[in-house]
Protein chains: 2
Amino acid sequence: MGTTKSDHFSVKQNQIANIAKAIGHPARVAILDYLSKVDSCICSDIVNELPLAQPTISQHLKELKNAGLIKGNIEGNAICYCIDEKAIEKIQAYFTKLAGKLTKQKNTCC
Amino acid sequence: MGTTKSDHFSVKQNQIANIAKAIGHPARVAILDYLSKVDSCICSDIVNELPLAQPTISQHLKELKNAGLIKGNIEGNAICYCIDEKAIEKIQAYFTKLAGKLTKQKNTCC
DNA sequence: CCCATATATTTTAATATTGCAATATAAATT
DNA sequence: AATTTATATTGCAATATTAAAATATATGGG
């Protein structure tokens, strides 16, 4: 029964979970870090940047793309990947909202 | 070979990945949403809030706790869980920084 | 057309996660 | 002490994820 009961939760909760899940692996964090560092987006020197085989990285990129965190265009015989700001903004907004709610709380027990 | 090669990535990358991974499940997003909504932290009516069995929720709480996202005190025969702001601040800072870098980029290809 | 390069897909193996029934623990109440 | 209430742990089946070797595809250059 390793299946997540996604349909029991709200669309928004699933969206946030999906974005977070995509970021939930150090290799994918490293990919995002790299993409945010190189101003130009000449990619897949990522394969040289990371201690993982090319097919593994390709899969991680696919997951990041599925989650909407990166976008890419075919650029000659290379593919140019960039971070998609929309997803970052979405999850950032979620945390900002969450943090805002927390400061209003005056919990005494924890 | 389902093991993540955590030791090949930086401590920071692993920290962010761990927090994100914990948020990467709709049930756990729902738990955080609930905890941020109820001002007081009388918990586990969470069991009544969510469409999951008690042991399943207990496990999700454990994972959130391991990731540092929630903290809890024993309060009589109930346990009082609250969101731990430190983890939220940490991941929020990560996204703020990331978003900041992105606005400085002038990518033309994507 | 053939080759090199860049990237994706398929397949396979190892391991992790999800969910729950059953059971355990532990404090509060009767 | 027995009962109730709240939560945790264990064990297991179903499924998902991670990683890489082997293979496929696709583009540009010669």
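These figures come from a predicted structure and were not determined experimentally. Residue numbers start from 1 in every chain, and the chains themselves are labelled A, B, ... in the order their sequence lines are given, proteins ahead of strands.
- For B/Glu63, taking side-chain heavy atoms from C-beta onward, the closest of the listed nucleotides D/dA20, C/dT18, C/dG19 is C/dT18.
- Distance A/Leu64 CG to D/dT17 P: 13 Å, rounded to the nearest Å.
- Atom pair B/His60:NE2 and C/dC20:C1' shows a separation of 11 Å (rounding to whole Å applied).
- Distances from the side chain of B/Pro55 to the nucleotides C/dT18, D/dA19, C/dC20 place C/dC20 closest.
- Considering only side-chain N and O atoms, A/Thr3 lies nowhere under 4.0 angstrom from the phosphate OP1 or OP2 of D/dA14.
- Atom NE2 of B/His8 and atom P of D/dA19 are 10 Å apart (whole Å).
- Residue side chain A/Gln54 does not reach the base of D/dA20 through any donor-acceptor N/O pair under 3.5 Å, judged by distance alone.
- For B/Phe9 and D/dA19, the CZ to P distance is 7 Å, given to the nearest whole Å.
- Checking the phosphate oxygens (OP1, OP2) of D/dT17, no side-chain nitrogen or oxygen of B/Lys21 falls inside 4.0 Å.
- Residue contacts shown for B/Gln59 include a base, since a base heavy atom lies under 4.0 Å away.
- Rounded to an integer number of Å, the gap from A/Ile57 CD1 to D/dA21 C1' is 15 Å.
- In the set D/dT18, C/dT18, C/dG19, C/dG19 carries the atom at the smallest distance from any side-chain atom of A/Lys5.
- Rounded to a whole Å, the NZ atom of A/Lys62 is 16 Å from the P atom of D/dA19.
- The listed nucleotides are D/dA19, C/dG19, C/dA8; the one nearest the side chain of A/Tyr81 is C/dA8.
- Classification of the B/His25-B/His60 ring pair by plane angle, with boundaries at 30° and 60°, yields tilted.
- Residue B/Ile79 contributes atom CD1, which lies 18 Å from atom P of D/dT5 at whole-angstrom precision.
- The interatomic distance linking A/Asn66 (CG) with C/dT9 (C1') rounds to 14 Å, in whole Å.
- Counting heavy atoms from C-beta outward, A/Ile70 and A/Leu32 have side chains that approach closer than 4.5 Å.
- Proximity of B/Phe9 to A/Asp33: side-chain heavy atoms (C-beta onward) are nowhere separated by under 4.5 Å.
- Side-chain contact between B/Ile23 and A/Ile91 is absent, with no heavy atoms from C-beta onward closer than 4.5 Å.
- Among the protein residues, A/Lys65 comes within range of no part of the nucleic acid, since none of its heavy atoms lies under 4.0 Å from any strand.
- The shortest distance between the side-chain N/O atoms of A/Ser58 and the OP1/OP2 oxygens of C/dA8 is below 4.0 Å.
- Put simply, the side chain of A/Tyr94 reaches to within 4.5 Å of the side chain of B/Val29, judged on heavy atoms.
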